[in-house]
Each structure stands twice: as structure tokens, then as C-alpha cells.
Amino acid sequence: MSAPGSEPQAAKLPYLISAVGLFLLLAPALTLWSDVFARSVLGTPFPLGLVVAVADIALILLLSGLYVRARNRSDHPA
Amino acid sequence: MSISHLLFALTILGTLAITWRAARRTHGSSDYFAAGSSLSAGQNGLAIAGDFMSAATFLGITGILYDFGFDAFIYVASPLAGLALMLALFAEPFRRLGRFTLADVLATRIEPQAARALAASTTLAVSLFYLVAQIVGAGALIGLLFGIAYPIAVALVGLLMALYVALGGMLATSWVQIVKAILLTLGVAALAFLALAESGFSLARLYDQAAAVHPLGARLYAPGGMIRSPFEALSLAIGLVFGMAGLPHLLIRFFTVPDGVAARRSVFIAMLAIGFVFLLIFLVIGYGAVAHLSGDPRAFAGGRLIGGGNMAALHLARTLGGEAFFGLIAAVAFATILAVVAGLTLAASGAVAHDLYDGLWKKGMASERQVMRASRLAAFAVGIIAIALGLLFEGQNIAYMVALAFTLSASANFPILLLALYWPGLSTRGALVGGGAGLALSLAMVLLGPAVMVDALGFETAIAPMRNPALYGMAATFLLAIATSRIDRRRYKRKKGLAAQAWPGI
């Protein structure tokens with residue numbers, strides 16, 4: 001892995017996405033307890049956890065897709 | 001002959017036909033261990049999905065949802081986060097540095113003999129525990145689904161998995177996994193469609209119906225049904241995420257594609273397939289089982305679901321689609337088992353033949369033919385060991401064996417692979433001390449923990465309190481590997497008097 005500092009701005013995207021992706025590692029545990037927060041603080045009867053869960057998975061897939069696209073482009077620039 | 005038995009026989013014949021065809025196309029060790037690096041990203045992506053999605057994930061997650069509700073989400077999201085990690089850290093370097101096993105990658109950074117010994121030990125430990133868990137589950141499941149006695153079911157699965165690997169190698173295993181992934185995706189989609197149709201295609205109505213009949217009521221959609229504290233949730237998530245990223249039988253799949261671009265694409269395709277299946281299970285099938293099974297007396301005996309929560313998905317198939325659909329989903333579950341055990345056997349036999357036999361015993365001088373013969377023999381040996389352990393562990397709780405496999409992977413495999421690839425300071429002794437201690441410590445913590453001592457052996461309390469000790473095992477491995485490597489670096493500098501020179505890292 002080369003250092004990101006000397007590369008053009010576009011080539012930094014994979015590293016940015018990697019950094020954001022690391023936060024997702026905690027997402028499963030955080031998601032479980034975000035529902036507790038939603039219920040106790042917001043008092044909503046709606047199963048908010050299900051919405052957060054779907055959003056969490058969608059975010060993991062979206063960021064992974066962006067990462068693959070950016071890294072593959074930087075490996076094989078058009 | 002019932003429809004279930006017919007589909008069961010068709011599944012066996014179909015997978016054996018794939019193996020026979022693959023065997024004719026397998027000519028050398030590259031074909032045998034890595035499918036000649038000829039799979040496309042799409043094919044490898046589906047094979048990764050097929051390799052990971054075991055009967056335990058399909059039936060187990062539905063079972064947790066049926067019994068405890070929302071907490072199953074941690075088992076849904078964590079593997080996807082683990083695959084994201086594998087994608088970012090390991091996919092491309094593995095394809096670039098490795099040929100057949102994890103040891104090939106490690107050997108580029110530390111002394112090759114040590115790399116082979118360490119990687120073979122962790123690969124065998126993780127794969128065997130995972131394999132035994134699958135075999136025990138398979139024996140019980142096949143007995144229940146097809147009326148076959150447990151020892152015969154275990155022997156049948158053990159024999160079939162050894163045949164796939166010994167005859168067809170990676171190519172046969174990959175195609176069995178691809179076909180299984182497609183069947184499972186279609187089967188789960190059909191089951192979700194039927195469950196939604198039963199509720200008038202309204203998720204809100206399905207959730208209302210489920211909450212009305214479940215003891216947890218509306219708390220079915222809130223956390224806390226199974227996992228009692230945020231710390232326990234975090235520790236479990238860490239074990240699942242990092243354990244997933246270090247699973248040997250998934251990592252060796254990167255050797256089957258032509259380049260790093262295809263390796264990355266294949267992980268993403270696997271994530272899409274797994275995400276699709278898991279979301280359908282999480283949003284529709286699990287809660288659908290709660291909502292629709294309560295009105296079907298065929299699913300219950302003495303007020304309890306027959307076979308427990310793990311059978312909820314199969315009961316739902318019978319309730320909504322009748323005997324034919326039940327037979328279809330049961331056959332899919334059986335194909336699921338076969339594909340996963342074949343992948344695990346391939347990883348274990350490859351480690352024995354390539355790392356232990358050729359790398360350590362023959363010092364890399366074994367011929368291609370000898371290595372392939374050793375791998376075929378190892379596949380049958382692994383099959384026999386798995387059958388014996390499967391019979392020994394009959395009736396045991398398989399959850400702790402799966403937890404042990406993930407804990408070992410997160411504690412011993414992931415940290416050493418990460419340090420080897422991204423930290424130039426790792427020494428051979430650091431890798432051996434960290435990896436060896438991590439493996440031993442995590443093994444001890446699981447065996448002395450509540451899952452084994454209390455749940456399986458019946459003691460009142462456990463010596464090690466953590467149910468999911470991956471957090472401690474992983475931290476210990478990182479700490480010991482880094483500390484030992486730093487001590488080695490100081491010693492090297494002092495011995496050579498070359499403080500200004502770069503540390504060679506071995």
C-alpha cells in the first residue's frame with residue numbers, strides 16, 4: 001500500500017472510504033443500542049431498530065461498492 | 001418415495017456430476033488448489049457467498065429471530081462488516097502474494113518454515129472446529145428432514161465432502177458452492193414472497209401479526225431479548241467481524257481469480273448476495289415464522305416448535321408452500337451443508353499437503369503429483385476425523401464450536417495476517433509468539449468459558465467469565481506479537497551494532 005500523501009486527490013478516495021469503513025466495524029453493536037436510545041428518549045412506538053438495521057447494511061454495501069470502484073479505477077486508470 | 005427424498009437424491013447426484021466434470025478439467029496443482037485462477041469475479045463472488053452461508057446461518061438466524069427477535073441483527077450485520085474489512089485489507093494483497101494457502105502470504109514476510117507451521121496450525125484449528133460444528137448440525141438436520149439415522153447422516157456428509165475435494169479440488173468445490181448460493185438465494189426469496197403474501201404483502205401487518213402471538217410482544221423488535229449488555233454485544237460483534245475477516249476457507253478463494261481487481265469485485269458480489277439473503281431472513285422470514293407458524297398445529301408438539309427455533313424456516317416452508325416446497329427448502333439446506341463442509345475440507349487438506357507435507361517435511365522438494373496425492377489423502381483423513389468427532393459430539397450444543405472457530409480466527413489469524421501485511425516491524429519470533437499464544441489463549445478461554453463449562457458440561461459456573469472472548473484473545477495476540485518483535489529489533493541492533501540501519505523484519 002503506497003502512502004496517500006503524494007497522490008492526486010482522486011486516488012485518496014479509497015483511503016477515505018477505508019477510514020469511514022472502519023467505523024462500520026462498531027455498527028452492529030451500536031445499532032442494537034440505538035434502538036434503546038430511540039425508545040427511551042424519543043419514545044417512538046415504531047420499530048426504529050429495523051430501519052437503522054437496514055440503513056446500516058445499506059451503508060456497508062454502498063461504501064464497499066464505492067471502495068471497489070475507486071480502488072479498481074486507481075489500479076487501472078482509463 | 002416422498003418429494004423430500006427425491007430432491008435429496010437429486011442434490012447428491014447433481015453435486016457428484018459437478019465433481020466428475022470438474023475432475024476431468026483438473027490437471028495440475030494450480031487447477032486443484034486454485035481452480036487455475038480462472039474463475040470470474042462473479043463466479044468467485046457467488047462461491048464466497050456459498051462458502052459462508054451455512055445451514056447454521058440460514059436456519060440459525062431464523063431461529064434466533066423466532067426465539068429472541070431483533071438481537072439476531074448482530075449475526076446479520078457482523079459478517080457483512082467482516083467482509084468489508086476483508087475487502088479493504090486482504091483481497092488484493094492475498095491475490096498478489098499467495099498461491100494456494102495462507103502460508104504463502106505469511107512466507108513473504110517472515111521465515112518460510114515458521115510461516116508454514118503457524119499458518120497450517122491456525123488453518124487446521126479454525127477449519128476443524130468449524131467443520132465439526134457443521135457436521136454435528138448436519139447430522140441432526142438430515143436426520144430430522146429425511147429420517148436418516150444420525151451416524152449414517154454424519155458418515156454420508158463426511159464421505160461426500162471428501163469425494164468433492166479429493167476428486168474435483170477447488171473447481172468442483174467452487175461450482176458446488178455457486179450452485180448452492182443460487183439455490184439458497186432463490187429458495188429464500190420464494191419463502192419470503194410466500195410469507196409476505198400471507199400477510200397481504202404488508203410488512204407492517206406481518207409485524208403486527210408477529211407481535212400479537214409472540215411472548216415478547218412489541219419487544220420482538222427491540223434489542224435485549226438475547227444479548228444482555230452493550231459490552232457483550234460489542235465483544236460478540238468483534239469476534240464475528242474480525243473472525244469473519246480471518247477465515248482461511250474464505251481467504252483462499254482469492255487465489256481462484258486472475259487479478260486483484262477481480263478479487264475485490266468478487267468480495268463485493270459476495271456481499272450483495274449475502275446481504276440480499278440476510279435482509280430477507282431478517283426482515284421477512286424470521287418474523288414471518290413467528291406470525292404464521294402459530295396457526296399450524298403440524299409445527300408443534302407439546303406446545304413447543306418441533307426441532308426448536310432452528311427448524312422455524314423449514315416449518316414455515318411447509319406451512320406456506322406444502323410438502324413439495326418443504327422438500328425443496330430441505331434440499332437447499334442439505335446442499336448448503338455440503339458446499340460449506342467441502343470448502344472447509346479443501347482449506348484443511350491444502351494446509352496439510354502444501355504447508356506441512358511439502359513445506360515442512362519435504363522442504364519444498366515434493367513433486368506436483370506428490371502434493372496433490374497428499375492433499376487427496378488429507379481430504380479423506382479430514383473426512384474420517386470429522387466423522388469421528390461428529391459422532392463423539394452428537395447432541396452437543398454446536399453454537400460454542402462455531403463461536404470457537406470465529407474466536408480462534410479473530411484471535412490468531414486476523415492479527416498476524418494484518419501485521420504481516422501492514423507492519424514492517426513484525427519479526428518471525430513475534431509472529432510465532434503472538435499467533436501461538438493467541439491460539440492457545442483463545443482456545444483456553446472458550447473451553448473454560450460458560451458456553452462449554454456451564455452449557456455443555458453442566459458446571460454451575462465457568463472459570464473464564466466471557467461468553468465471547470475474542471476481544472481479549474485478539475488484544476493479547478497484537479500485544480505479544482508487537483512486543484516480541486520490538487524486543488527482537490533491539491537485540492538485533494545491539495548484536496550487529498547497526499542502529500542506523502533498517503530493521504530487516506525477519
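Values reported hereafter were calculated over all heavy atoms of this structure, with side chains retained and with hydrogens, waters and symmetry mates removed. Lettering follows sequence order; numbering is per chain, from 1.
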Novice: Based on non-hydrogen pairs under 4.5 Å, which of B:L87, B:L80, B:L272 is most in contact with chain A?
Specialist: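 Most heavy-atom pairs within the cutoff with chain A belong to B:L87.
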
Novice: With heavy-atom distances below 4.5 Å as the criterion, would you say the side chains of A:V54 and B:F282 are in contact?
Specialist: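 No, every pair of side-chain atoms sits at 4.5 Å or beyond.
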
Novice: Can you tell me how far CG of B:N44 sits from OG1 of B:T256, rounded to the nearest 0.5 angstrom?
Specialist: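 Taking OG1 in B:T256 and CG in B:N44, the distance rounds to 3.5 Å.
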
Novice: About how many Å separate CZ of B:F90 and CG of B:L250, when rounded to the nearest 0.5 Å?
Specialist: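 It comes to 12.0 Å.
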
Novice: Under 4.5 Å heavy-atom distance to chain A, tell me which part of B:L240 shows up: side chain, backbone, both or neither.
Specialist: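 The answer is neither part of B:L240.
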
Novice: Which residues satisfy the side-chain hydrogen bond (donor to acceptor under 3.5 Å, both in side chains) test with B:T185, sequence neighbours excluded?
Specialist: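 B:T185 satisfies side-chain hydrogen bond (donor to acceptor under 3.5 Å, both in side chains) with no other residue.
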
Novice: Between B:Y221 and B:Y207, is there a donor-acceptor pair closer than 3.5 Å when you use the side chain of the first and the backbone of the second?
Specialist: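 Yes; at least one donor-acceptor contact below 3.5 Å.
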
Novice: Could you tell me which portion of B:Y287 (side chain, backbone, both or neither) has an atom closer than 4.5 angstrom to a non-hydrogen atom of chain A?
Specialist: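 Side chain only.
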
Novice: Hey, which residues of residues 264-271 of chain B are touching chain A, say heavy atoms under 4.5 Å apart?
Specialist: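 Answer by number: B:R264, B:R265, B:F268, B:M271.
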
Novice: Quick one: does A:D56's side chain get under 4.5 Å of A:I60's, heavy atoms only?
Specialist: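 Yes, close enough: below the 4.5 Å cut-off.
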
Novice: Report yes or no: does B:R253 contribute a side-chain atom to a donor-acceptor pair with the main-chain N or O of B:G45 at less than 3.5 Å?
Specialist: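 No, B:R253 side chain to B:G45 backbone: no donor-acceptor pair under 3.5 Å.
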
Novice: Heavy-atom cut-off 4.5 Å, strictly under: side chain, backbone, both or neither for B:L279 against chain A?
Specialist: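 Looking at B:L279, just its side chain touches chain A.
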
Novice: Quick one: does B:Q209's side chain get under 4.5 Å of B:H292's, heavy atoms only?
Specialist: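 Side chain of B:Q209 against side chain of B:H292, heavy atoms only: contact under 4.5 Å found.
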
